[in-house]
S.K.: 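Supplied in structure tokens, the structure appears directly below.
First listed ligand is number 1; within each ligand, the first listed atom is number 1.
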Amino acid sequence: MSRQILFISDLHLDPSRPRIAELFLRFLQQEQGRAEALYILGDLYEAWIGDDAVPPDEPTLQALRAFSATTPTYFIHGNRDFLIGERFAELTGVQLLPEAVVVDLFGVPTLLMHGDTLCTDDVKYQQFRQMVRNPEWQRGFLALPIEQRLALAKQARSESGEHNQSLDEYLLDANQRTVEEEMRRHGVRRLIHGHTHRPAIHEFELDGQRHTRIVLGDWYEQGSVLRLRPEGPDLQTLAP
Ligand code: MN
């Protein structure tokens with residue numbers, strides 16, 4: 001087995017884009033048994049209104065189950081699929097991680113997160129996030145009939161689309177000061193996240209030391225995967 005750890009995020013899987021689901025299934029098949037771990041850093045699904053709303057034989061759940069049987073697979077919630085829960089974990093064998101976690105990757109402590117908490121210039125979104133990440137709010141939402149949850153999720157997506165259109169581009173990106181605060185707070189020099197759909201490897205100096213922030217790409221037009229090897233990161237696109 002080659003020494004590599006895989007990272008993906010922001011697939012936004014949705015019935016309206018079956019080619020991306022196919023690309024994801026092919027990716028899992030091809031990488032099966034070839035990596036030490038797979039980390040999915042949020043927004044695997046375009047929307048997730050509760051584990052009970054998805055049939056257990058849904059193809060991506062089954063594919064994840066097969067994949068995780070040989071390769072440890074981890075998930076951090078995104079801003080679209082934050083309601084993924086324990087039943088999903090049981091069905092897929094995927095382990096759910098907290099929203100920010102430091103993992104030792106080939107000897108380098110690395111902070112992993114979805115990335116939406118870094119976008120602190122978008123104050124309205126951060127307020128919305130606080131509401132929907134509240135366990136009490138989530139219990140109330142999950143108690144609603146599926147039809148009603150679907151309607152509310154659709155409404156939230158269209159409002160979020162309008163809100164994002166109203167903001168300048170830079171306000172939707174990670175705030176560099178927040179990035180630095182988080183990296184200091186967690187005592188790391190490497191951060192990997194998604195969410196902004198701006199794939200890049202950023203190097204910068206902080207407290208006299210080189211820091212690295214790796215941003216994963218989305219899967220709208222193509223796939224995007226980070227292969228982390230002991231010698232360094234390799235951010236790749238996957239042709240559909
Ligand atoms: Mn996101």
S.K.: Would you say Asn79 reaches the Mn ion (ligand 1) with an N/O/S atom under 2.8 Å?
M.R.: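 Yes, since at least one N, O or S atom of Asn79 sits under 2.8 Å from the Mn ion (ligand 1).
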
S.K.: Assess, by modelled atom type and distance only, whether the side chains of His12 and Asp218 contain a donor and an acceptor separated by less than 3.5 Å.
M.R.: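 No, Asp218 and His12 have no side-chain donor paired with an acceptor closer than 3.5 Å.
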
S.K.: If only side-chain N and O atoms count, and only distance matters, is there a donor-acceptor pair under 3.5 Å linking Glu58 with Thr60?
M.R.: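 Yes, side-chain donor-acceptor contact under 3.5 Å.
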
S.K.: When you measure from the Mn ion (ligand 1) to each N, O or S atom of His195, which atom gives the shortest distance?
M.R.: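 Within His195, restricted to N, O or S, the Mn ion (ligand 1) is closest to atom ND1.
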
S.K.: Check whether any N, O or S atom of Asp43, backbone or side chain, sits closer than 2.8 Å to the Mn ion (ligand 1).
M.R.: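 It does; at least one qualifying atom falls short of 2.8 Å.
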
S.K.: Can a side-chain donor-acceptor contact be found between Glu180 and Gln176 if the only test is distance below 3.5 angstrom?
M.R.: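 Result is yes, a qualifying pair exists.
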
S.K.: Are the side chains of Glu31 and Phe67 in contact, using a 4.5 Å heavy-atom criterion?
M.R.: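 They are in side-chain contact.
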
